[in-house]
Amino acid sequence: MNRRRAVVSWSSGKDAAWALHLARQRPDLEIAGLLTSINAEFRRVSMHGVRQELLQMQAGAAGLPLRIVELPWPCPNEEYEKRMGAACAALRAEGVEAVVFGDIFLSDVRAYRERQLAGTGLEPVFPLWGIGSDALAREMLDGGVRARIACLDPSRVDRELAGREWSAELLSSLPGGVDPCGENGEFHTLVVDAPVFRHPIRATAGEVVERDGFVYADFLPESS
């Protein structure tokens, strides 16, 4: 079987880590790296607010190169698509044939990714797709995923959860209707350990701030 070279769309969170874990088990894929977009002004993952230094620590723990697409702030969708298109062309020129995503069930998000990759020569791959969120959360926790809440929507979950560990205890405390994986945007995570890491990464929750309607825990990298 010919193995296709693939990169993982890396958000810094648990779903991306588990998608990488599952993708590495597929005999048809060879994972060649991680692909992340950051806010160039603040050097952070656009939605999660995670510092670039922590992304680099994650990539090192996963033993994979990290490709960063820098986005201006603010970033109109047209500019986002232009820069991501250039990144896709560069990947294709390097022999990459697929991009792995950690989406679970949002059909509109999947359709958008499929449209964006149409004609690029890159195939979207969704290893978590269709796994129920409850089962997936248990699978990740049982599999050794450790993550912290990096960003949350305070209209959906308690702002006091910012910085907390994503755990079975936390999941049992969530209000009804909140997805245990945060798939509807209730929260986003920073993964600090997973089967894809050679070792955990060390991060301390610093200041908690509210910005643009979201609450962020500013995680600070620790030296080993």
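- With a 4.5 Å cut-off on side-chain heavy atoms, Arg4 and Glu30 do not count as touching.
- Using a distance-only test at 3.5 Å, with no hydrogens or angles considered, a donor-acceptor pair links the side chain of Gln58 to the main chain of Ser12.
- No continuous path of hydrophobic side-chain contacts links Val7 to Leu55 [ILVMFWY only; heavy atoms under 4.5 Å].
- Counting heavy atoms from C-beta outward, Leu64 and Ile31 have side chains that approach closer than 4.5 Å.
- Minimum interatomic distance between Gly102 and Leu128 (heavy atoms only, all atoms of both residues): O-CD1, 3.4 Å.
- Rounding to the nearest 0.5 Å places CG of Leu136 at 10.5 Å from CZ of Phe105.
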*Run the numbers on Leu22 and Val100 for side chain to side chain contact (heavy atoms under 4.5 Å, CB included), then give the verdict.*
CA-CA 10 Å; Leu22 295 185; Val100 176; over 6 Å; no
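- Salt bridge present: Glu222 and Arg202 bring a charged side-chain N and a carboxylate O closer than 4.0 Å.
- Side-chain N or O atoms of Arg44 include none that pairs as donor or acceptor with a backbone N or O of His48 at under 3.5 Å.
- In this structure, Val8 is not a member of the same hydrophobic cluster as Tyr112, with clusters built from ILVMFWY side-chain heavy atoms closer than 4.5 Å.
- Within the 4.5 Å cutoff, the side chain of Leu171 has heavy atoms near those of the Trp166 side chain.
- Aromatic ring pairs are classed by plane angle as parallel below 30°, tilted from 30° to 60° and perpendicular above 60°; the pair Trp73 and Phe42 is perpendicular.
- For the pair Met57 and Pro221, the tightest heavy-atom approach, listed with the atom from each and the gap, is SD-CB, 3.4 Å.
- No side-chain donor-acceptor contact under 3.5 Å links Asn184 to the backbone of Glu186.
- The backbone N or O of Glu70 sits less than 3.5 Å from a side-chain atom of Arg83, completing a donor-acceptor pair.
- Pairing each heavy atom of Ser9 with each of Ala16, the nearest pair is O-CB, 3.8 Å.
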_I'd like to know whether Val215 forms a side chain to side chain contact (heavy atoms under 4.5 Å, CB included) with Val208, so could you lay out the CA-CA distance, the side-chain angles of the two residues, the decisive distance to 0.1 Å, and finally the verdict._
CA-CA 7 Å; Val215 176; Val208 174; 3.5 Å; yes
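- Across all their heavy atoms, Ala203 and Leu190 have their closest contact at CB-CD2, 4.1 Å.
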_Verdict with reasoning, Cys88 to Leu117, per side chain to side chain contact (heavy atoms under 4.5 Å, CB included)_ = CA-CA 8 Å; Cys88 288; Leu117 292 185; 3.7 Å; yes
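- No continuous path of ILVMFWY side-chain contacts below 4.5 Å connects Ile68 to Met84, so the two sit in separate hydrophobic clusters.
- Note: Leu174 CG to Asp179 CG = 9.5 Å, rounded to the nearest 0.5 Å.
- The backbone N or O of Arg43 lies less than 3.5 Å from no partner atom in the side chain of Asn39, so there is not a single donor-acceptor pair.
- Put simply, the side chain of Arg67 reaches to within 4.5 Å of the side chain of Glu94, judged on heavy atoms.
- The shortest heavy-atom contact between Leu152 and Asp158 is CD2-O, 3.6 Å.
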_side chain to side chain contact (heavy atoms under 4.5 Å, CB included) between Ile104 and Ser133, worked out_ = CA-CA 7 Å; Ile104 304 170; Ser133 290; 4.1 Å; yes
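- Atom OG of residue Ser155 and atom CZ of residue Phe214 lie 7.5 Å apart, to the nearest 0.5 angstrom.
- A heavy-atom distance below 4.5 Å is not found between the side chains of Val99 and Thr120.
- A distance of 8.5 Å separates CD1 in Ile131 from CE in Met140, rounded to the nearest 0.5 Å.
- In this structure, Arg110 satisfies the cation-pi test against Trp129, with its NZ or CZ atom closer than 6.0 Å to the six-membered ring centre and inside 45 degrees of the ring normal.
- In this structure, Ala162 and Ala217 approach most closely via the heavy-atom pair C-CB, 4.0 Å.
- Under the 3.5 Å distance criterion, the side-chain polar atoms of Arg3 are matched with a main-chain donor or acceptor of Leu29.
- Put simply, the residue from Arg211, Arg148, Arg51 that forms a salt bridge (Lys or Arg N to Asp or Glu O under 4.0 Å) with Asp218 is Arg51.
- Note on Phe101: it does not cluster hydrophobically with Val125, by side-chain heavy-atom contacts below 4.5 Å among ILVMFWY residues.
- Checked by atom type and distance alone, the side chain of Gln25 pairs as donor or acceptor with a backbone atom of His21 at under 3.5 Å.
- Separation of atoms OG1 (Thr189) and NZ (Lys14) is listed at 4.5 Å; rounding is to 0.5 Å.
- Figure legend: Arg156 and Phe187 shown without cation-pi pairing, the cationic atom not lying both under 6.0 angstrom from the six-membered ring centre and within 45 degrees of its axis.
- Under the 4.5 Å side-chain criterion, counting only non-hydrogen atoms from C-beta, Val191 is in contact with Val145.
- Residues Glu79 and Leu71 form no side-chain contact, since every pair of their non-hydrogen atoms from C-beta on lies 4.5 Å or further apart.
- Annotation: side chain of Asp15 is in contact with side chain of Glu183 (closest heavy-atom distance under 4.5 Å).
- Connection of Leu122 to Trp10 is not established within any shared hydrophobic cluster, with ILVMFWY side chains joined at heavy-atom distances below 4.5 Å, either directly or through further cluster members.
- Remark: side-chain polar atoms of Trp18 are not paired, donor with acceptor, to backbone N or O of Ala137 under 3.5 angstrom.
- For the atom pair Leu66 CG and Leu35 CG, the distance stands at 8.5 Å (nearest 0.5 Å).
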